[in-house]
Amino acid sequence: MNDTRTQPNTFALTTPLYYVNGLPHIGSAYTTIAADAIARFQKLRGRSVLLITGTDEHGQKIQRSAIDAGRSPQERCDEIAGKFQDLWQQLGIQYDRFSRTTAPRHEAIVKEFFGRVWDRGDIYLGQQTGWYCVACEEFKEKRDLLEGGQCPLHPNQTAEWRDERNYFFALSKYQERLEDLYQKQPDFIQPEIRRNEVLSFVKGGLQDFSISRVNLDWGFPVPGDPDHTLYVWFDALLGYVTALLDSTDEPTLENAIARWWPINLHLIGKDILRFHAVYWPAMLMSADLPLPDRVFGHGFLTKNGQKMSKTLGNIVDPVELVEKYGSDAVRYYFLKEIEFGKDGDFNETRFINILNADLANDLGNLLNRTLKMAQKYCGGKVPKVNPEELECEHPLKTIGLCLGERVAAAYESLAFHQACEETLILVRSCNKFLDDRAPWTLYKKGEQQAVEEVLYVVLESVRLAAYLLCAIVPGLSTAIYQQLGFEIDFDDPSTWKDLSFDLHGSWGKLDGDRTFSKPSPVFARLEMPETP
RNA sequence: UGCAGCGUAGCUUAAAGGUAAAGCACCAAGCUCAUAACUUGGUCGAUGCGGGUUCAACUCCCGCCGCUGUAACCA
């Protein structure tokens, strides 16, 4: 699949287009934080990156929630989409495209795509019969209904027998080609457990699925048959394509796929795996478009070991969390403390403990204690030491020299927790090293050269750690770099010419004689709340 | 019920046949350059239970228990 790629040095990735039937929740934030970290890392690796996020705005549920809020659907969507954008801003998400499925040019793309699939003969008018829950606006399997025939989500509603004409997509035609895809591209679906799920689902036999509804206004009309409205999924997935258009482009498929297609990575929650790993590639095959490289379905979050739900009232509000602890803290906790791909837990005590231990104590305090010594012992400058002249088996140099590649490999495989853990090994070793060499004692003994060597080696190690973590905690990395005298802001590319891995990602790059700014803590310890 | 996966110290994770590690939390000592920090040491487990294969099993096999996901239109 990759041989069709005209620009091998580009990397396009997506979060889901989030459904706007409510305010952004922590799960959306989790996906988006991870996507942003990947995007930032890929940029450091020298690739041109396009990070796509956005909102999915059609469907009955949206329409209803708009009415409940006393708004028109579009007003309601505008409002919620704005909330998503606000949250991404607070979390330091540097997205390139915010794709909204109600955008007029999205309709043009959907129409054209529908036409291609239609011409292929993969769309047909069929009869859909079954039990329909009006509250859900969905067909239900009989076995999913309660004994009296009510929908389990709406026990006061008895499901109705419906017999309606809908348009169907001929998914069943793609069974073999999909199985072939999973076989030839084993990492198309990750992690392994998700892949197995999809394999067994597909193996069970694929049925065509309906892509239109009759009793639905809030959506695009089916091209050529305005009595029908396209069902959300068909147009939502295509939001990824529309997102690729430049603002000045005519909205055509050809323009959309000119530069960034195919997508390198779809990052999703495991709940929407089937749509991305089965329906989506089949739709693309039908339209004769190249397929994405991989789909990664991460796990779900719990709070204190319990499922989050509105009825339990134990929802973690991402806005509240960022306002309370800051974006670096939130980003670090979710990427460091949860193995990406598996389910993970949010626990406020653990949150505070881990941030204090790793970022305030181990890393932040390390920089602070070292800089203060350099200020007192070396006149406020980074000591001038040639790292190449250090002994080969120098404990920090040894770790530092192979760290960059180890961490890069971890990022490549989306193992954020491992990237952090590897980096912390260096940080912890620095603290041990300082205790071992005791530069404060060396200074009293007048061993100036030894002092300088120790301090340089530690400062360089902190610098490298900050660099390797900058995709995860850009604010903290910026603070560290600025303390070290760099005028670099990891959030603002105009402040740096070249921050590539080659220049910053390996040990021994810090230049001596650099004047640093007045030392002050870069990450304040977090306080435990009164009532945990 | 079928299929898939998981079960290691209070918590989060290592160890893909060869003396069971690390971080957090807790306790003690040391140090004083530092954000009550850091360092060292300690407490804590015979890896869910029961069998089997092997000189040797957290690791492979069988059974059981427990948890999770999934079994068609859930953003």
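Because the structure is predicted, anything quoted here is derived from the model rather than measured. In what follows, chains carry the letters A, B, and so on, assigned in the order in which the sequence lines appear, proteins first and then strands, with residues in each chain numbered from 1.
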>> Donor-acceptor check, side chain of A:Glu337 to backbone of A:Phe351, threshold 3.5 angstrom: yes or no?
In response: no
> For RNA chain B, what dot-bracket results from Watson-Crick or G-U pairs at under 3.5 Å, with [ ] for crossers and | for inter-strand partners?
Replying inline: (((((((..((((....[..)))).(((((.......))))).....(((((..]....))))))))))))....
> Considering only side-chain heavy atoms of A:Glu337, which listed nucleotide, B:U12, B:G69, B:U35, is closest?
Replying inline: B:U12
>> Give me the distance, rounded to whole Å, that separates B:U8 from B:C58 when you measure between the P atoms they each carry.
In response: 14 Å
>> Please give me every residue in residues 450-458 of chain A whose heavy atoms get under 4.0 Å of an atom in RNA chain B, ordered by residue number.
In response: none
> Where the side chain of A:Glu339 is defined as all heavy atoms beyond and including C-beta, which of B:U39, B:U13, B:G5 is the nearest nucleotide?
Replying inline: B:U13
>> Rounded to whole Å, please give me the gap between OH in A:Tyr333 and C1' in B:U13.
In response: 13 Å
> Out of A:Phe416, A:Tyr30, A:Phe346, A:Tyr325, which one pairs with A:Tyr333 under the ring pair (Phe, Tyr, Trp, His ring centres under 6.0 Å) rule?
Replying inline: A:Phe346
>> Measuring from the side chain of A:Asn353 (C-beta onward, heavy atoms only), which nucleotide among B:C24, B:A71, B:C38 has the closest atom?
In response: B:C24
> Of the nucleotides B:G5, B:C73, B:C38, which one has an atom closest to the side chain of A:Ile193?
Replying inline: B:G5
>> Categorize A:Glu197 for me: base, sugar-phosphate, or nothing, with a 4.0 angstrom heavy-atom threshold over every strand shown.
In response: sugar-phosphate
>> What is the separation between atom CZ on A:Phe351 and atom C1' on B:C24, rounded to the nearest whole Å?
In response: 15 Å
> Using the C1' atom in both, what is the distance from B:A29 to B:C67, to the nearest Å?
Replying inline: 42 Å
> Across the strands shown, which category fits A:Leu17 at heavy-atom distances under 4.0 angstrom: base, sugar-phosphate, nothing?
Replying inline: base
>> Can you measure A:Arg194 atom CZ to B:C74 atom P for me and round it to whole angstrom units?
In response: 19 Å
> When all nucleic acid strands are considered with a 4.0 Å heavy-atom cut-off, which category describes A:Ala438: base, sugar-phosphate, or nothing?
Replying inline: nothing
> Whole-Å distance between B:C73 C1' and A:Gln60 CD?
Replying inline: 16 Å
> Closer than 4.0 Å, any side-chain N/O of A:Lys372 to the OP1 or OP2 of B:U35?
Replying inline: yes
> Counting just side-chain N and O atoms, does A:Arg274 come under 4.0 Å of either OP1 or OP2 of B:A71?
Replying inline: yes
> So A:Tyr18 and A:His25, ring pair (Phe, Tyr, Trp, His ring centres under 6.0 Å) or not? Walk me through it.
Replying inline: CA-CA 10 Å; A:Tyr18 300 108; A:His25 55 81; 7.6 Å; no
>> In terms of relative ring orientation, are A:Phe114 and A:Phe234 parallel, tilted or perpendicular, with 30° and 60° separating the classes?
In response: perpendicular
> What class does the angle between the rings of A:Tyr377 and A:Tyr443 fall in, given that below 30° is parallel, 30 to 60° is tilted and above 60° is perpendicular?
Replying inline: parallel
> Looking for any heavy atom pair under 4.0 Å, which part of the strands does A:Asp271 touch: base, sugar-phosphate only, or nothing?
Replying inline: base
> Between B:C73, B:G69, B:C38, which nucleotide has the shortest distance from any of its atoms to the side chain of A:Asp435?
Replying inline: B:C38
>> What's A:Asn347 touching, base or sugar-phosphate or nothing? Going by heavy atoms closer than 4.0 Å.
In response: nothing
> When you measure from the centre of the six-membered ring of A:Phe516, is the NZ or CZ of A:Lys381 under 6.0 Å away and within 45° of the axis?
Replying inline: no
> Hey, is the main chain of A:Asp56 close enough, under 3.5 Å, to the side chain of A:Thr101 for a donor-acceptor pair?
Replying inline: no
> With respect to the side chain of A:Lys432, which nucleotide from B:U35, B:U39, B:C73 is positioned closest?
Replying inline: B:U39
> Is the shortest distance from a Lys or Arg side-chain nitrogen in A:Glu348 or A:Lys324 to a carboxylate oxygen in the other one below 4.0 Å?
Replying inline: yes
>> Using a 4.0 Å heavy-atom cut-off, does A:Ala357 contact any base of the nucleic acid, only the sugar-phosphate backbone, or nothing at all?
In response: sugar-phosphate
> Between A:Lys173 and A:Asp208, is there a side-chain N and carboxylate O pair less than 4.0 Å apart?
Replying inline: no
> If you pin A:Gly204 and A:Pro16 to their nearest nucleotides in RNA chain B, which one's is more 5'?
Replying inline: A:Gly204
>> Between B:U70 and B:A14, how far apart are the two P atoms, rounded to whole Å?
In response: 23 Å
>> For the aromatic rings, using the six-membered ring if either is Trp, is the centroid distance between A:His417 and A:Phe340 under 6.0 Å?
In response: no
> Using the purine O4'-C1'-N9-C4 or pyrimidine O4'-C1'-N1-C2 torsion, is B:A21 syn (within 90° of 0) or anti?
Replying inline: anti
> Taking the side chain from A:Tyr411 and the backbone from A:Leu468, do they hold a donor-acceptor pair closer than 3.5 Å?
Replying inline: yes
> Ring centroid separation for A:His266 and A:Tyr240, is it under 6.0 angstrom?
Replying inline: yes
> NA contact type, A:Leu206, heavy-atom cut-off 4.0 Å: base, sugar-phosphate, or nothing?
Replying inline: base
> Starting at CG of A:Asn368 and ending at P of B:U32, how long is that distance when rounded to a whole Å?
Replying inline: 19 Å
>> For a quick check of understanding: with a heavy-atom distance under 4.0 Å over all strands, which category does A:Val522 fall into, base, sugar-phosphate or nothing?
In response: base
>> Less than 3.5 Å apart, any donor N or O on the side chain of A:Tyr231 or A:Asn166 sitting next to an acceptor on the other?
In response: no
>> Please give the distance between the C1' atoms of B:A57 and B:A15 as a whole number of Å.
In response: 13 Å
> In whole angstrom, what separates A:His228's NE2 from B:C73's P?
Replying inline: 20 Å
> When you measure from the side chain of A:Arg350, which nucleotide among B:A71, B:U12, B:C33 comes out closest?
Replying inline: B:U12
> To the side chain of A:Asn196, which of B:A4, B:C73, B:G69 is closest?
Replying inline: B:A4
>> Counting the atoms with a prime plus P, OP1 and OP2 as sugar-phosphate, which does A:Lys336 contact under 4.0 Å by heavy atoms, base, sugar-phosphate, or nothing?
In response: nothing
> Any side-chain N or O of A:Lys203 under 4.0 Å from OP1/OP2 of B:A4?
Replying inline: no
>> Can you tell whether the side chains of A:Arg64 and A:Asp217 come within less than 4.0 Å, N to carboxylate O?
In response: no
> With respect to the phosphate group of B:C38, does any side-chain polar atom (N or O) of A:Asn361 fall under 4.0 Å of OP1 or OP2?
Replying inline: yes
>> If you assign each of A:Asp362 and A:Asn21 to its closest nucleotide in RNA chain B, which residue comes earlier from the 5' end?
In response: A:Asp362
>> Counting only heavy atoms and a strict 4.0 angstrom limit, can you tell me which residues of residues 439-446 of chain A come near RNA chain B?
In response: A:Trp440, A:Lys444
>> Is the terminal nitrogen or CZ of A:Arg195 (NZ for Lys, CZ for Arg) located under 6.0 angstrom from the six-membered ring centre of A:Tyr182 and within 45° of that ring's axis?
In response: no
> What interatomic distance, in whole Å, is found between P of B:U32 and the corresponding atom of B:U39?
Replying inline: 16 Å
> Using atom P of each nucleotide, how far apart are B:U12 and B:U68 to the nearest Å?
Replying inline: 15 Å
>> Between B:A21 and B:A16, how far apart are the two P atoms, rounded to whole Å?
In response: 14 Å
>> I'd like to know if the side chain of A:Asn304 pairs up with that of A:Asn347 as donor and acceptor (distance under 3.5 Å, no hydrogens or angles considered).
In response: yes
> Taking atom P in both B:C44 and B:A22, what distance in whole Å separates the two?
Replying inline: 15 Å
> Nearest-Å distance, NZ (A:Lys61) to C1' (B:C74)?
Replying inline: 7 Å
> Out of B:C38, B:A4, B:G69, which has the shortest distance to the side chain of A:Arg369?
Replying inline: B:C38
